[in-house]
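Naming: A, B, ... by sequence-line order, numbering from 1 per chain. None of the values given here were measured: they were computed from a predicted structure.
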2 protein chains.
Amino acid sequence: MHEQETCVAVRDVLSRVGDKWSVLVVSMLRDRPLRFSELRRTIEGISQRMLTLTLRGLERDGLVARTVTPTVPPRVDYALTDLGRTLLDPVLALAAWADGHRGEIARARERFDRKDPGKQD
Amino acid sequence: MHEQETCVAVRDVLSRVGDKWSVLVVSMLRDRPLRFSELRRTIEGISQRMLTLTLRGLERDGLVARTVTPTVPPRVDYALTDLGRTLLDPVLALAAWADGHRGEIARARERFDRKDPGKQD
DNA sequence: CAGTATCCCTCGGGATACTG
DNA sequence: CAGTATCCCGAGGGATACTG
């Protein structure tokens, strides 16, 4: 299980999950497809540029499908693929962990920062 | 569940998980405590600086415990805390997902890159 | 052995402006 | 509406040298 290829693949996915917007976008698409502008409005804080880049990355990895309706003005819908949907489970498990332990983590940080003051600005 | 605080906590954990070394360090400590130099040798590729920084971060979040034995030369052991151990489950689930779907992802990328050549160098 | 301290460079990502 | 193109800054992270 700890082969080289596996490690690379795992780190690859982990960095996807760790980036600032990917998981948020995926979780927004959980229930139904959304248009570019809907995603942009819903996510709040994301720049046009980063939304585009995030969606391209997710599309490239086969997690999100992009559907263009060539009207004018154009309409583009984004939806989770089957693969994208399977990612939801482990990600939500991690999110649940984060939510469930955020108190412990916050307390650990306070303790650490009290012991070692001035290091964390 | 989608309160502001939760989102912050989740993103916080996700960025920990997404950083280059944290998960690797945690998974190395899975079975038993390890010394600084053992971690350094085992992980392969990590710089002394990044190992230190990663361990400090994990310690600050209460995921790893640092034990100094004041001999000369000094000996420092790192071990997972109970909290750190609970993180293992969701992280391993994600790793399993990554391993299980890496073929699909690779194929999706090939397809995407063939359609849109020259964009990814 | 187990770190700190510096230097330096790449990349993530925000702001803004322009286009089919 | 749904993007691309530029510019720019700060964080992440590697290499190297020094220390208790």
Is S15(B) reaching over with its side chain to a backbone N or O of G18(A), donor-acceptor style, under 3.5 angstrom? no
For the side chain of F36(A), starting at C-beta, report the closest nucleotide among dC1(C), dG14(C), dA2(D). dA2(D)
Sort me out a list of protein N/O and nucleotides 15-20 of chain C N/O pairs below 3.5 Å, or just none if empty.
none

Between atom CG in L53(A) and atom P in dG3(D), what is the gap in whole Å? 11 Å
Considering only heavy atoms from C-beta outward, does the side chain of V13(A) approach that of I105(B) to under 4.5 Å? yes
Nearest-angstrom distance from the residue atom CG of L14(A) to P of dG12(D): 17 Å
Roughly how many Å is it from CE in M50(B) to C1' in dA11(D), rounded to a whole number? 11 Å
Taking only residues two or more places apart in sequence or in another chain, which ones pass side-chain contact (heavy atoms from CB on, under 4.5 Å) with R107(A)? E104(A), R111(A)
Please list all pairs meeting salt bridge (Lys or Arg N to Asp or Glu O under 4.0 Å) that have one or both residues in residues 16-27 of chain B, counting only residues at least two apart or in different chains. R16(B)-D61(B)
Counting only side-chain heavy atoms from C-beta out, which of dC1(D), dT4(C), dG14(D) sits nearest to T52(B)? dT4(C)
Can you measure L55(A) atom CG to dC1(D) atom P for me and round it to whole angstrom units? 16 Å
Which pairs would a plain distance check flag for residues 50-59 of chain A, meaning a side-chain donor or acceptor within less than 3.5 Å of a matching protein atom at least two apart in sequence or in another chain?
{"unit_1": "T52(A)", "atom_1": "OG1", "unit_2": "Q48(A)", "atom_2": "O", "d": "3.0"}
{"unit_1": "T54(A)", "atom_1": "OG1", "unit_2": "M50(A)", "atom_2": "O", "d": "2.7"}

Is there a side-chain polar atom (N or O) of R66(B) under 4.0 Å from OP1 or OP2 of dG3(C)? yes
Which residue pairs pass the salt bridge (Lys or Arg N to Asp or Glu O under 4.0 Å) test when at least one of the two sits in residues 24-46 of chain A, sequence neighbours left out? none
Pairing pattern in dot-bracket form [Watson-Crick, G-U; both distances under 3.5 Å; | = partner strand] for DNA chain C: ||||||||||||||||||||
Do R102(B) and V8(A) touch side chain to side chain, with heavy atoms closer than 4.5 Å? no
Short side-chain N/O contact from R35(A) to OP1 or OP2 of dG3(D), under 4.0 Å: no
Under a 3.5 Å distance rule, please check whether T6(B) uses its side chain to pair with a backbone N or O of D99(A) as donor and acceptor. no
Distance in angstrom units between D77(A) CG and dA2(D) P, rounded: 8 Å
Side-chain atoms of W21(A) come closest, of dG14(C), dG3(C), dG3(D), to dG14(C)
Rounded distance (Å) that lies between atom C1' of dG3(C) and atom CD of E59(B): 13 Å
Nearest to the side chain of K20(A) - dG3(C), dC1(C), dG13(C)? dG13(C)
Just so I know, are the side chains of L88(B) and L80(B) near enough to count as touching, which here means a heavy-atom distance under 4.5 Å? yes
dT4(C) OP1/OP2 closer than 4.0 Å to side-chain N/O of R56(B): yes
Tell me whether the OP1 or OP2 atom of dG3(C) has a side-chain N or O from Y78(B) closer than 4.0 Å. yes
Gap between atoms CG and C1', on L51(B) and dG14(D) respectively (whole Å): 14 Å
At what distance, to the nearest 0.5 angstrom, does NE2 of H101(A) lie from OG1 of T86(B)? 4.0 Å
From CD1 of I43(A) across to P of dG14(C) the rounded distance in Å is 12 Å
